[in-house]
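Only a predicted model underlies this, so the values are computations on that prediction, with no experimental measurement involved. Along the sequence shown, the residues carry numbers beginning at 1.
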Amino acid sequence: MPRRKPFSNKQKKKQLQVKRERKRGDPGSGQSSRNASVERGVRRDRQSDTSDSETTDIRRINQQPGTRDGRYDPNRFRLHFEKESKDEVERRKRMAQERILQPVPERELEMDINQIYPEEQGLDFPRRPSWHYGMQREELLRKEERSFREFLENLHSRNPPETLSHFEHNLETWRQLWRVLEMSDVILLIVDIRHPVLQFPPALYHYITGPLKKQVVLVLNKIDLCPASLVLAWKHYMTEHFPHLHCVCFTSHPGQPYSTLLQKKRMRRKCGWSQAGGPIHIMRACQEITAGKVDLSSWESKIQKDAVAMGTGADWPDDGAESVLMEHHSDTALEMSSFSQELYKDGVLTLGCIGFPNVGKSSVLNSLVGRKVVSVSRTPGHTKYFQTYYLTPTVKLCDCPGLVFPSRVNKQLQIVAGIYPVSQLQEPYSSVGFLCERTPFLSVLKLTHPEHSPGSQEPHDWTAWDVCEAWAERRGYKTAKAARNDVYRAANSLLRLAIDGRLCMSLRPPGYTQNKDQWESHPELPDIVALQGRRPEDEESSEESSSEPEDEDDRDADDDEDGDGDDEDESVRSDRKSKGGFTLNMFGVLGENECE
C-alpha cells in the first residue's frame with residue numbers, strides 16, 4: 001500500500017474554498033479566485049471595523065460566516081476586546097501552578113459600587129452625537145466613529161493601562177444600545193443577583209433618568225441562586241443609592257427540581273419560559289410608572305393565562321412566531337431616524353431589555369412572552385442584533401445585545417461573572433484559583449489531591465493547577481495523544497459551573513456580614529422566599545442532596561452551550577419520582593447551601 005502524502009490544514013482549507021466557489025457557480029476556482037475571495041473578506045472586515053484598532057491592540061472574537069453578495073456583514077457585531085501579551089499569560093500560568101490557595105473571608109466579598117465605577121475616573125459610555133436630516137449617511141457614520149474614538153482616548157487618558165476591565169470596543173454594538181434607548185419608554189436594566197454592582201453602570205442610570213427623562217426598572221435576576229437575606233440586602237442597597245429605581249426580583253426557575261446535571265436542558269426548555277411571579281411584578285412596576293396612560297389589562301390577562309397553562313403542565317412550543325409579532329428594522333432606516341420624544345406613542349408601552357452578557361436578558365424576555373422566542377446561551381455575545389416583539393397590542397419588548405461597560409473590575413471576577421467568554425481564555429487557571437478561594441470547592445466538588453496516596457491522612461496544599469488536575473481525573477478528561485489529564489478542559493468546566501450557578505460565588509453589599517442576622521429576620525424576607533419558590537422543607541432536602549456526590553455519568557458542564565437540547569430520559573424522570581418528588585433549588589446539586 002503506497003504511503004499517504006501529508007495533507008495540511010491549510011491545504012484542506014483551500015480545497016474547501018474552491019469547492020464552495022464551484023458550488024456557488026463563481027467564474028473560476030483557481031488561485032486568482034481564491035485570492036479575490038480572501039481580498040473581499042479582508043475589505044469587508046476593514047469596512048466593518050469601527051474599533052480603536054489604530055490606537056490599541058484589539059482581539060475580535062465570535063467570527064461569523066459571511067454572505068455571498070457582501071451586502072450584509074454579520075461580523076459587525078463581533079465582540080472586540082484588548083489583547084493580552086504572551087508574557088502576562090505565562091506569568092499567570094506559573095502563578096497558578098505555584099501559589100497555594102487560601103480561603104477568603106466572607107467580609108472580603110463585600111463590594112461597593114464606587115469600587116467598580118469610581119466617579120473621578122470618568123467611566124462613562126459612548127453617546128450618540130447630534131445630527132440633522134440634512135446630513136448624509138456616510139457623514140453621520142464618520143461623525144459617530146470620530147466621537148467614539150474621542151471617547152476611548154479620553155477614557156484611556158484618565159485611566160492607566162491595566163486598570164480598566166475588558167469592555168466593548170465595537171461601535172456597531174454600541175449603536176444597538178443607542179437605538180434601544182431611543183425606542184423604549186421604560187428601560188428594564190437586568191442584573192445578576194450574585195454580582196449586581198458589576199453590571200449596574202451609574203452613568204447609564206443617570207443618562208436614562210436625566211437627559212432622556214425615562215424610568216428604569218432594575219430586574220434582580222436569578223434570585224434562586226442566593227439566600228433570600230442576601231437578595232433583600234442587595235435590593236435595599238440599590239434603592240438606597242439610586243432613589244429613582246423600581247426594583248423587581250425575578251427568576252425563571254422558581255422551585256423547580258434539579259437533582260442531576262442531566263436535567264439541565266429540560267429545565268431550560270420546559271420550565272423556564274413562563275412563571276407568574278416574575279412577570280407580574282414587572283407588570284405592576286410598569287403600571288406604577290405609566291399611571292394609567294397605557295392600558296395594561298391585556299398584559300395582566302396574558303400573565304394569568306400563561307400561569308394557568310403552566311400549572312396544567314402544558315408544553316410551550318419552541319417557536320412563538322405564530323402568536324408573537326416580531327418587527328425587523330433595516331440599518332438604513334434606523335441610522336437616519338430620530339425617534340419621537342413622546343412617551344407611550346399610540347398607546348403602546350415599549351420596554352427595552354438592557355444588561356451585561358449572561359445576566360439572563362433572553363430568559364427574562366422568554367418568560368415575559370410566555371414561550372421561547374430568543375435562544376438562550378451562556379456565551380457572551382450570543383444575541384447579536386436587537387429585536388422587538390409585541391407582547392400584547394399595547395406592550396412591546398425590545399431585546400438589546402449584551403454590552404460590557406468600562407469599569408474597574410479585575411479580569412478574574414469578569415470571567416467568573418460570565419462577562420468574558422470562557423471559551424476564549426488562553427489561561428483559565430488563575431480564574432479557577434480566584435473562584436476556589438471564594439467557595440468551599442473541596443466539599444462541593446469532592447476532589448482528591450493528585451499527590452494523595454491511598455491510606456494516607458496527611459492534608460495537602462492546593463493550587464489552582466491541582467484543582468484542575470483533580471477535576472480532570474474525576475471527570476475523565478484526557479488529552480487525545482498522551483492520555484494525560486486535560487487540565488485546560490477541566491478549568492473551563494469549573495468556570496462554566498460557576499457561571500451556571502452550580503458552584504456559586506456571590507458578592508455581598510457593604511456591611512452585610514456584620515448585619516446578617518438583621519437581614520435574616522427582616523419582615524420582607526417571606527416575600528423573597530415565596531418568589532424563589534422555596535418551602536421550609538426544601539432546605540432539609542437540599543442539605544441531604546448536597547452531601548451526596550454527583551453522578552459520574554451526569555452531563556458535563558461544558559456541554560449544552562445553548563440549552564436547546566433534548567429532554568431528560570425516562571430513567572432520570574422515574575428516578576426522581578421514586579425519591580418522593582420533593583422540590584429542590586435547581587442548583588442544589590453542587591451544594592448551593594454550602595456556598596452561602
Please find the pair of heavy atoms, one from [X] and one from [Y], that lie closest to each other, and give the distance.
X	Y	result
K396	V348	CB-CG1, 4.2 Å
P129	W178	CD-CH2, 4.4 Å
L123	A203	O-CB, 3.9 Å
L425	Y488	O-OH, 2.6 Å
M238	F200	CE-CG, 3.5 Å
C398	T388	SG-CG2, 3.5 Å

Would you say the side-chain atoms of [X] pair up with the backbone N or O of [Y], donor to acceptor, closer than 3.5 Å?
X	Y	answer
S157	N154	yes
Q136	E138	no
Q414	H166	yes
D192	R194	yes
N159	Q121	yes
W174	H169	no

Test R408 against Q115 for side chain to side chain donor-acceptor pair (under 3.5 Å), laying out the working first.
-> CA-CA 7 Å; R408 287 295 190 97; Q115 299 174 241; over 6 Å; no
With heavy-atom distances below 4.5 Å as the criterion, would you say the side chains of [X] and [Y] are in contact?
X	Y	result
L351	L349	yes
E182	R128	yes
V216	H244	no
L413	N410	yes
S506	I193	no
L188	H246	no
L245	Y205	yes
K411	S165	no

Only one of L218, V197, N221, L198 forms a side chain to side chain contact (heavy atoms under 4.5 Å, CB included) with V191, so which one is it?
->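 Result for side chain to side chain contact (heavy atoms under 4.5 Å, CB included) with V191: L218.
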Check whether the side chains of R175 and T173 place a donor and an acceptor atom closer than 3.5 Å, and report yes or no.
->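 Per modelled atom types, R175 and T173 side chains form no pair under 3.5 Å.
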Are side-chain N/O atoms of S184 and T350 paired as donor and acceptor at under 3.5 Å?
->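 The answer is no; no qualifying pair exists.
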Look at the aromatic rings of F242 and H206 and report parallel, tilted or perpendicular, splitting at 30° and 60°.
->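 Ring orientation of F242 relative to H206: tilted.
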What salt bridge (Lys or Arg N to Asp or Glu O under 4.0 Å) pairs are there with at least one residue in residues 109-118, not counting sequence neighbours?
->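 Qualifying pairs, neighbours excluded: none.
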Approximate separation, where rounding is to 0.5 Å, of [X] [atom1] and [Y] [atom2]:
X	Y	atom1	atom2	value
I116	Q199	CD1	CD	10.5 Å
M283	H281	CE	NE2	10.0 Å
Y117	L204	OH	CG	9.5 Å
L212	D185	CG	CG	11.5 Å
L16	K12	CG	NZ	5.0 Å
E144	E172	CD	CD	8.5 Å

In sequence, state the C-alpha distance, the side-chain angles, and the governing distance for L189 and V219, and then conclude on side-chain contact (heavy atoms from CB on, under 4.5 Å).
-> CA-CA 6 Å; L189 187 51; V219 181; over 6 Å; no
Is it true that R158 and E120 make a salt bridge, defined as a side-chain N closer than 4.0 Å to a carboxylate O?
->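 Salt bridge absent between R158 and E120.
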Output yes when E145 and R142 qualify as a salt bridge under the 4.0 Å nitrogen-oxygen rule, no when they do not.
->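 No, no charged N to carboxylate O under 4.0 Å.
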Between L403 and I354, does a side-chain contact (heavy atoms from CB on, under 4.5 Å) hold up when you go through it step by step?
-> CA-CA 8 Å; L403 265 169; I354 294 176; over 6 Å; no
Working for side-chain contact (heavy atoms from CB on, under 4.5 Å), residues V369 and Y390 = CA-CA 9 Å; V369 172; Y390 272 95; over 6 Å; no
Counterpart residues, side chain to side chain contact (heavy atoms under 4.5 Å, CB included), relative to S130 (two or more places apart) |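 Expected list: K143.
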By side chain to side chain contact (heavy atoms under 4.5 Å, CB included), which residues pair with K93, not counting sequence neighbours?
->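 Scan of K93 (side chain to side chain contact (heavy atoms under 4.5 Å, CB included), adjacent residues dropped) gives E90, Q97, E427, Y429, W465.
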Cationic tip of R146 above F148 ring, under 6.0 Å, 45° of axis =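 Not flagged: R146 not positioned over aromatic ring of F148.
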F434 ring centre to R438 NZ or CZ under 6.0 Å, with the angle to the axis within 45°?
->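 Because its charged atom sits under 6.0 Å from the ring centre and within 45° of the axis, R438 does stack over F434.
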Taking the six-membered ring for Trp, is the centroid-to-centroid distance between F405 and F167 below 6.0 Å?
->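 No; F167 has its ring centre 6.0 Å or more from that of F405.
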Is the distance between the ring centroids of F151 and F125 less than 6.0 Å?
->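 Judged by ring-centre distance (under 6.0 Å), F151 and F125 do not meet the cut-off.
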Stepwise side-chain contact (heavy atoms from CB on, under 4.5 Å) check, R508 with M111 | CA-CA 6 Å; R508 278 83 164 143; M111 189 166 293; over 6 Å; no
